[in-house]
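First the proteins, then the strands, lettered A, B, ... as listed; each starts at 1.
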Number of protein chains: 2
Amino acid sequence: MAVPTQPPLKESKVDVLIVGAGPAGYMAALWLARLGINTKFIDKRSTKIFTGQADGLQPRVLEVFETFGFVDRALKEVAVGYEACFYEPHPETGRIRRVDKIPEGVPGISRFNGSVIHQGRIETWLSDAIEEFSGGKIAVERPFLPESLEIGGDEEYPVKVVLRKLPDDKAGPEQFGHKVQNGLYRQFEGDQNQQNGVDSQEDSLEVVRAKYVLGCDGAHSWVRKQLGIEHKGETTDYVWGVLDIVPVTDFPDIRKRCSIHSKDGGSIMVIPRENGIVRLYIQLREGAQHEDQDPVTPIISAAGEKEKPGKKGVRVDRTKLTAEHILATAQNIFQPYSLEVAEMHWFTAYQIGQRVATSFQKDERVFIAGDACHTHSPKAGQGMNVSMMDTFNLAWKVAYVVKGLARPSILSTYESERRAVAEELIAYDQRLSRLFSSKPGEIATEEFRAVIDRGSAFTTGCTVDYASSLLMDKPADAAAERYASPLATGLAIGMRLPDAKMIMQSDARPWFLNQRLLSTGQFRLLIFMGDYASVPALRAQMDGIGAFLAEPANSLQKLRDDGVLQTLLIHASRQDKVEWDDFPAVFRPRDERGVMDYWLVMADSGPSWHDDKTGEAYEKYGISKDVGAVVVLRPDGYVAKVAEPTVDGVKDIWKWLGRFVVGLESGATL
Amino acid sequence: MAVPTQPPLKESKVDVLIVGAGPAGYMAALWLARLGINTKFIDKRSTKIFTGQADGLQPRVLEVFETFGFVDRALKEVAVGYEACFYEPHPETGRIRRVDKIPEGVPGISRFNGSVIHQGRIETWLSDAIEEFSGGKIAVERPFLPESLEIGGDEEYPVKVVLRKLPDDKAGPEQFGHKVQNGLYRQFEGDQNQQNGVDSQEDSLEVVRAKYVLGCDGAHSWVRKQLGIEHKGETTDYVWGVLDIVPVTDFPDIRKRCSIHSKDGGSIMVIPRENGIVRLYIQLREGAQHEDQDPVTPIISAAGEKEKPGKKGVRVDRTKLTAEHILATAQNIFQPYSLEVAEMHWFTAYQIGQRVATSFQKDERVFIAGDACHTHSPKAGQGMNVSMMDTFNLAWKVAYVVKGLARPSILSTYESERRAVAEELIAYDQRLSRLFSSKPGEIATEEFRAVIDRGSAFTTGCTVDYASSLLMDKPADAAAERYASPLATGLAIGMRLPDAKMIMQSDARPWFLNQRLLSTGQFRLLIFMGDYASVPALRAQMDGIGAFLAEPANSLQKLRDDGVLQTLLIHASRQDKVEWDDFPAVFRPRDERGVMDYWLVMADSGPSWHDDKTGEAYEKYGISKDVGAVVVLRPDGYVAKVAEPTVDGVKDIWKWLGRFVVGLESGATL
């Protein structure tokens, strides 16, 4: 063994190291903070910066925010999309005019509609929640540049990462010469350091040994490069500009989402935002031209990916990438409507690059997420959302393994579940980009709207359907199809639980179920006992399940005590027609002091005194009130399994959990 | 003129001085902070203390919180009442059992239900909002003891108050010997100072000269005493205990509001609270006995009012005013159900005192509000609510006068409007107290529930109906009756506007109207233009009103520019069937930069793409879609006048506003 010639570097051990404080990193930190995991969270910039400057929030992400307790902050500030308009050139005059108006999103798919707000606000909500959950222990540490990453050696903390603490003045962003904030950043010194290797300031280095490393470091991902993972795909020659402005206009639909196809000037997407701001995506037709094999002047693409000289690419006249030029292009497309600017908040220009990483992990110890895995155009408003949902999928699994609650084999489901979403996203983006960049007449309005319509469901984030796996109990050949149990025909195994309003049995307060399914890290058995008051067999089954769950030797009981499993009873008898004492003690458990938990029994329907729309869950979920069902929800709210509401059904769930939950070996006490 | 023999005291001038930081004081400070009034806000205690320890929030107060932007904080934390149960002794066994179950409150009267939470949390929300609105300028200054108050002299700042800054150690509360926090406070030194006059520490005195003083200093109100106002009423011999506990019990309705009448043990009210806490109001029958003319051992009454020796009163065995004794009484009443305590958070005992001040103001320069005006039993959960609504009524009027926007004559409406509420409150409390303190069998269950039922509407706070006045345009003889204009038969002039869901014309987003009627201090003209798209006369009227309001010489236009008046157009044509350009420019105004206001036109009904319950406002308000109406809302959200939706109707409103708005003399430019 070599004798060290220098004093050893400062070392620390953490369960999880998160590299990169963007949406994917913040969501990972949020989950890990909530679940009490020892986490280090670093970023290379000295201050917040938004290379992506995303602004769209899917309904599904708002649902997730609700489970972490801060969706109300979002709802108070965001602009919400309810209507979408299509503008086309008039066949005779050539001037744009509205040709159609449709609902934005998919009415009824979620309680929330697609919403828009500055990425900085979203990161603030996440950051505040991380601070609250972790008691201030987890916060972004800046500016830290990772310099090397090795896997292996130590069995418990096998990932070794060397970090360099940068002086703050080297880590500030330098913007491309313009007084308006924009997305045209020069490379910053940190990036150079990463490319050029360690410099002489040894004293600023430190070593972190981690059980797991999450690379959430964006399209340029240093982590991805260390792992030797390729970012596969292509950069197209479409060039787009973005303006965030407070407009002065007589365009009548400026507060609606609009797709505008002009005759000769190109296309625009209009996205109304908070505080009177409107984002415009503007096709910059004359800015680009093909010049194969020639060096190109780099411009920043959608997610900050930089074109390298020497590749087949696009020459862009950089002098045209100004706010003034982009605005002039927009004004031309908007004719006959006026468009002036009262405030300009931000602008950028990008080329559409569509890439997916060839792998999302290495040795199931180092994972990449977000833009590090997938880059695409921002027009679908999906990047930030899919990035957050990547780590919302990943981080609870990592936490379970770190805590020794689940076997590491569950970690493989991260890539199997999220790669499909990334690929669907890229495919949608390709269709959308082609449409928006097409010349007028090339694509019929009908085809255009058909693509938008099909995309609407995808862009809500509510249609993600995870395939069969260790964590998804459905037939392997159902991967490409929606799969539902006959016991719950309205629920697809692999999809998130749709919401419904119910009544708390103990106090008659109405709740949306999602408000009670907080992100606590628990698996949940939703025990739908049907109309047990009218069906004697169901009452007997309820009592049987209650007795079974209460057996001290039952390891499900141990899971409940550990907080890994929560059992909720949702019945279909009317809340005001049944009695609290009807329910087995296991659903009215007492703590060690004897204080009862009053919040585990809900009724689908109540007396409707308060005009609330309850009594629809059984129908929506396709569960018979005479038969019932047990629905298993994962900690991330996805339906993982459905069983019958009997002791046998619960035993079946137990066996299934035993495949990946430690200490719950199948059948051990059956 | 006398030559001063001592150095002059430090002097400051403020528009408004608020004495006392309880619910009434906080609400006054909130309004004044929102309206930018130079305000000093003092309290005599060195720290927060809750002599009342109130916990109930009316639906109406939650509506008001929404207009200040923080109702979401409340909704996340409170316990909400949805069901009320009645327990009576079984005629044979004598043991209590449930005899009835009714909805709590009045279903549908508000979007909010009566809610319960610790007073300290409520004051925190108010305090945070005050800080935000005032930019930190307004905050409670402690401990300051007012020592003298004079009216007159200075014309602009006629109220002179001398304040003493106390050392912190003299202003802390000392609790009646018990380790559990309780409401049995000894008199504290500050009170003694107030009674004994100025002591020798001249250097700690300062003089505040104020335009207006608001005495929000509780049942003992020093301000009230300075004004020589009597607090008229009586203290009964009912003695009640209060326990805030986390119970261990098999009582099945412990998470519902319950009224329990036992056979021999007395009565209990059960009020479920946040975080598993339950408040119990417990009748202490054996604790009290009549001893006329004898000195009595003081106990603290509902609102902290102290019985003076020598009055007709009640002897209370002080050794029985312990948590243990109160709990034992409750356990006896609860039989056959068990009742033990896992956590005790607070307790108190009180006698029911019902009093109303003989006047609410002096010289329309010094006003009293809250417990300083009215004290009663806490069981109806009204004290904190009525106190907040007192200053919600008063403070905007004071702000208008301070700003020179309205004539001081409007200030007389504070007492005329709020005295009626106070008297109704006392009458309700007397009925309720008699019922609860009655012996079993004295009052029939039916009568008991009839009183509760009638009270339910009152205790929502939504049925307050202000009489005819300078600020309420209805016939003087309609004072005791609900009065509606034939143009809007569903709206009572004098009552708050009931809520309804609508669609924003510009972006199709659904809103509850109350979410758009923020407390900005503006009077609002809600211009209900009916189904103008189908009724040509209405379109002509709309254009006429638009043209009239836009005339530069029109002083209503000036009011709009000053932010005193907001005009909202609410039409009954379908949102998706009409065009943005239909609406007169005055409803789509541009600022000096040309940026349009997109938020002043709403549609009653939309395409219902998003499953929202819109399209009910016209029906609910009793406004014909073929006729329309203009509804004038005061800054506090009360309907003050209804006129026809024509230029003549608007001129009529103008004349009416001219009665009290400065610079809008009736007919000046007509």
Side-chain angles (χ1 to χ4, degrees), chain A residues 69 72-73 75-76 79-83 98 101-105 107-108 111 113 246-257 272 276 338 340-343 503-510 575-576 579-581 590-599 606-613, chain B residues 69 72-73 75-76 79-83 98 101-105 107-108 111 113 246-257 272 276 338 340-343 503-510 575-576 579-581 590-599 606-613:
Chain A
D72 51 310
R73 295 188 70 177
L75 299 184
K76 278 171 82 165
V80 190
Y82 281 93
E83 225 170 85
R98 186 173 60 219
K101 202 158 60 170
I102 61 168
E104 170 69 25
R111 283 163 45 224
N113 259 50
V246 174
V248 176
T249 182
D250 55 5
F251 184 71
D253 292 311
I254 197 70
R255 295 308 306 176
K256 298 172 187 162
R257 301 198 181 172
S338 65
E340 300 295 336
V341 173
E343 296 169 25
I503 304 255
M504 191 64 74
Q505 181 64 40
S506 61
D507 69 354
R509 180 171 180 178
Q575 178 268 347
D576 55 329
E579 290 295 332
W580 182 240
D581 293 342
R590 292 177 184 267
D591 67 14
E592 65 287 349
R593 301 169 305 170
V595 176
M596 208 176 260
D597 185 337
Y598 294 95
W599 318 113
S608 298
W609 283 331
H610 285 279
D611 201 23
D612 279 298
K613 209 172 172 182
Chain B
D72 51 310
R73 293 188 72 178
L75 298 184
K76 277 171 82 165
V80 189
Y82 280 94
E83 226 171 84
R98 187 174 60 219
K101 204 158 58 169
I102 61 168
E104 170 68 26
R111 283 163 46 224
N113 259 51
V246 174
V248 176
T249 182
D250 55 5
F251 185 72
D253 292 311
I254 196 72
R255 296 305 308 173
K256 297 173 186 162
R257 301 198 181 172
S338 65
E340 299 296 335
V341 173
E343 297 170 25
I503 304 256
M504 190 64 74
Q505 180 64 39
S506 61
D507 68 354
R509 180 172 179 176
Q575 179 268 348
D576 55 330
E579 291 294 331
W580 182 241
D581 292 342
R590 291 177 185 269
D591 68 14
E592 65 288 348
R593 302 169 304 171
V595 176
M596 206 175 262
D597 185 338
Y598 293 96
W599 318 115
S608 296
W609 285 329
H610 287 278
D611 201 23
D612 280 299
K613 210 171 170 184

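Considering all non-hydrogen atoms of both residues, A/R255 and B/S506 come closest at CB-O, 3.7 Å. Across all their heavy atoms, A/K256 and B/D507 have their closest contact at CG-CA, 4.1 Å. Taking each heavy atom of B/M596 and A/T249 in turn, the nearest pair found is CE-O, 4.3 Å. In terms of heavy-atom proximity, B/V595 sits nearest to A/A342 at CG2-CB, 3.2 Å. Of all heavy-atom pairs spanning B/Y82 and A/P510, the tightest one is CZ-CD, 3.2 Å.
Interface remark: B/Q505 contributes backbone atoms only to the contact with chain A (heavy atom separation under 4.5 Å). For a residue to count as touching a neighbouring chain, one of its non-hydrogen atoms must lie under 4.5 Å from one of that chain's; by this rule A/D253 does not touch chain B. Neither the backbone nor the side chain of B/D591 comes within contact range of chain A; no heavy atom of the residue lies under 4.5 Å from a heavy atom of that chain. Only the side chain of A/E579 comes within less than 4.5 Å of a heavy atom in chain B; its backbone stays farther off. With a threshold of 4.5 angstrom between heavy atoms, B/P252 approaches chain A through its backbone and through its side chain. Only the side chain of B/R98 comes within contact range of chain A, judged by heavy atoms closer than 4.5 Å. Contacts of A/R590 with chain B are made by side-chain atoms alone, with heavy-atom separations under 4.5 Å and no backbone atom involved. Contacts of B/R257 with chain A are absent, with no heavy-atom separation under 4.5 Å from either backbone or side chain.
Side-chain atoms of B/K76 come within 3.5 Å of backbone N or O of A/G69 as a donor-acceptor pair.
A salt bridge is defined here as a Lys NZ or Arg NE, NH1 or NH2 lying under 4.0 Å from an Asp or Glu carboxylate O, and A/R509 with B/E104 fails to meet this definition. We find that A/D576 and B/K101 are not joined by a salt bridge, their nearest charged nitrogen and carboxylate oxygen being 4.0 Å or further apart.
Listed options B/I254, B/D597, B/L75 were ranked by heavy-atom pairs under 4.5 angstrom with chain A; first place goes to B/I254.
No side-chain heavy atom of B/P272 sits under 4.5 Å from any side-chain heavy atom of A/Y598.
Here the CD atom belonging to A/Q575 is positioned 4.5 Å from the CD atom belonging to B/E83, to the nearest 0.5 angstrom.
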Taking it one step at a time, do A/R593 and B/E340 satisfy side chain to side chain contact (heavy atoms under 4.5 Å, CB included)?
CA-CA 10 Å; A/R593 301 169 305 170; B/E340 299 296 335; over 6 Å; no

